[in-house]
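Here, residue 1 is the first one in the sequence, and each next residue gets the next number.
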Amino acid sequence: MGNYDALVVVSFGGPEKPDDVMPFLENVVRGRGVPRERLLEVEAHYQRFGGVSPINDQCRALVAALKPTLGVPVYWGNRNWHPFLTDTVREMAADGVRKAAAFVTAANAGFSSCRQYLDDIAGAVGQVAGAPEIVKLRHYFDHPGFVAAMADHTERALAELPAEHRATARLVFTAHSVPVTMARSAGPSGGEYEAQLRSTARLVAEAVGRSGQDWDLVWQSRSGPPQVPWLEPDVCDHLTDLHKDGVAAVVLVPIGFVSDHMEVIYDLDVEAADRARELGMRLTRAATAGTHPRFVSMVGELMAEPEPLTCAATCCPRPQRRQPAERVAAG
């Protein structure tokens, strides 16, 4: 598969039992000064679902789907929970892997979605004697495989609505909010995080026969202090505004996630769903890309492309942390 003799899926990680939750969250926020009360608040979200994030099982499913399609060994390592990426790189070195492609479970430019993963990979390689060279595959926000998977899931969500609402239902695309300063610094020339998400939304909308202004891009999962500007509007606030405008039905499409993180199942399936019920609004949610066949085949297509150029060190810089401003968890 190209010049690679292995693939490693690199993800955020998530707890798999109640006792994992707080140690996992402490890993996520280490060195960031996030208040304990905020961690307890987020811990409650996980405990509502038995202390288990769906992300690890979805990574296992993705690895299982990829293995028969690529013709090379497939590994998996996380940033914040087992299996940790450094341990995975150690396993790869022991297996004799020399050059591997890294598929990151985040499709876009940005500090949290790209630069931090590049740092994770470099850090893991630096800690392992005889580590393979690992090349992060390019952003895939506009790849036909990702777009096709999300379009298929969007059509299925539309079909779940009563027939009288399908033609007029509003498509509301969602992604993780980030501080405005972080959004502005994303990509080589800035602004790429939001621009790429808007591109994905437009492509998916067109693929399901919607165009023009028949869709919105909104944000979810803000966790920073109120005095720090983050991308807006929030999805729940937007549902209220749509209701005031007479919109009766909405399909939420989480294009900012490629698998069901806690943010998806809590912020959309609980909080946004509750808001829609309060408003008397019909709401369905499209699935994330997951193991959709076109998404799985996309990974092999990315591996067959020319090796991506190395990002400049100034691209998607680490944010200045005068106070906690980033998301607490995405697992």
Full working for side chain to side chain contact (heavy atoms under 4.5 Å, CB included) between Trp76 and Asn56: CA-CA 10 Å; Trp76 163 43; Asn56 274 7; 3.5 Å; yes
Minimal non-hydrogen separation, Ala106 against Tyr117, with atom names: CB-CE1, 4.3 Å
Sequence neighbours excluded, every pair satisfying side-chain hydrogen bond (donor to acceptor under 3.5 Å, both in side chains) that has a member inside residues 153-167: Asp152-Arg156
Sidechain N-carboxylate O distance under 4.0 Å for Arg275, Asp234: no
Minimum side-chain heavy-atom gap Asn108-Glu192 below 4.5 Å: no
Test item: Leu242 and Val172 side chains (from C-beta on) under 4.5 Å apart, heavy atoms: yes
Minimum side-chain heavy-atom gap Leu62-Ser259 below 4.5 Å: no
Heavy-atom side-chain contact between Leu137 and Tyr4 under 4.5 Å: yes
Nearest non-hydrogen partners of Ile265 and Pro54, listed with the distance: CD1-CD, 3.8 Å
Pair Thr291-Gln58, side chain to side chain contact (heavy atoms under 4.5 Å, CB included): steps then yes or no: CA-CA 8 Å; Thr291 56; Gln58 292 208 0; over 6 Å; no
Summary of side-chain hydrogen bond (donor to acceptor under 3.5 Å, both in side chains) pairs that have at least one residue in residues 123-142, sequence neighbours excluded: Arg138-Glu305
Between OG1 on residue Thr288 and CZ on residue Phe295, distance to nearest 0.5 Å: 8.5 Å
Nearest non-hydrogen partners of Ser113 and Val104, listed with the distance: O-CG1, 4.2 Å
Point-to-point distance, once rounded to the nearest 0.5 Å, from CG of Leu217 to CZ of Arg198: 4.5 Å
Mutual orientation of the aromatic rings belonging to Phe49 and Tyr266 [parallel < 30°, tilted 30-60°, perpendicular > 60°]: perpendicular
Flag side-chain contact, heavy atom, 4.5 Å: Phe146 against Val258: yes
Test item: Val204 and Arg210 side chains (from C-beta on) under 4.5 Å apart, heavy atoms: no
Over 12 non-hydrogen atoms of neighbours within 6.0 angstrom of CZ in Arg98: no
Heavy-atom closest pair, residues Ala175 and Tyr193: CB-OH, 4.1 Å
Criterion salt bridge (charged side-chain N to carboxylate O under 4.0 Å, His left out) on Arg30 and Glu26, from CA distance to verdict: CA-CA 6 Å; Arg30 183 173 288 117; Glu26 290 169 346; over 6 Å; no
Under 3.5 Å: donor-acceptor pair, side chain of Ser177, backbone of Arg222: no
Interatomic distance, Leu66 atom CG to Phe103 atom CZ [nearest 0.5 angstrom]: 7.5 Å
Aromatic contact, Phe141 with His143 (centres under 6.0 Å): no
Gap between atom CG of Leu25 and atom CG of Asp20 - 0.5 Å precision: 10.5 Å
Backbone of Gly13 reached by a side-chain donor or acceptor of Asn80 within 3.5 Å: no
Hydrophobic cluster identity match, Val52 and Val21, side-chain contacts under 4.5 Å: no
Step-by-step side chain to side chain contact (heavy atoms under 4.5 Å, CB included) determination, Val42 to Arg38: CA-CA 6 Å; Val42 177; Arg38 174 57 183 161; 3.5 Å; yes
Leu85 and its side chain to side chain contact (heavy atoms under 4.5 Å, CB included) partner, picked from Val8, Val128, Val125, Ile134: Val8
In one Ile/Leu/Val/Met/Phe/Trp/Tyr side-chain cluster, 4.5 Å: Phe12, Leu118: no
Flag if over 12 foreign heavy atoms under 6.0 Å of NZ, Lys67: no
Pair Asp267, Ser221: side-chain N/O donor-acceptor within cut-off below 3.5 Å: yes
Validation row: Leu231, Val178 side chains within 4.5 angstrom (heavy atoms): yes
More than 12 heavy atoms from other groups under 6.0 Å of CZ on Arg90: yes
Rounded distance [0.5 Å steps], OG1 in Thr181 versus CH2 in Trp230: 9.5 Å
Side chain to side chain contact (heavy atoms under 4.5 Å, CB included) assessment of Tyr75 paired with Val97: CA-CA 11 Å; Tyr75 298 84; Val97 175; 3.7 Å; yes
For Arg294, all residues meeting salt bridge (Lys or Arg N to Asp or Glu O under 4.0 Å), sequence neighbours excluded: Glu301
Inter-residue atom distance Leu197.CG - His176.NE2, 0.5 Å rounding: 12.0 Å
Least distance between heavy atoms, Ala131 atom then Ala93 atom: CA-CB, 4.2 Å
Minimum heavy-atom distance between Pro254 and Met150, given as atom pair plus value: O-CE, 4.3 Å
N/O donor-acceptor pair under 3.5 Å between Ser11 side chain and Thr105 backbone: no
Minimum side-chain heavy-atom gap Leu283-Leu239 below 4.5 Å: yes
Arg285 vs Asp260, salt bridge (charged side-chain N to carboxylate O under 4.0 Å, His left out): CA-CA, chis, key distance, verdict: CA-CA 11 Å; Arg285 197 261 288 178; Asp260 281 7; 3.4 Å; yes
Sidechain-backbone polar pair: Arg115 side chain, Cys315 backbone, donor-acceptor under 3.5 Å: yes
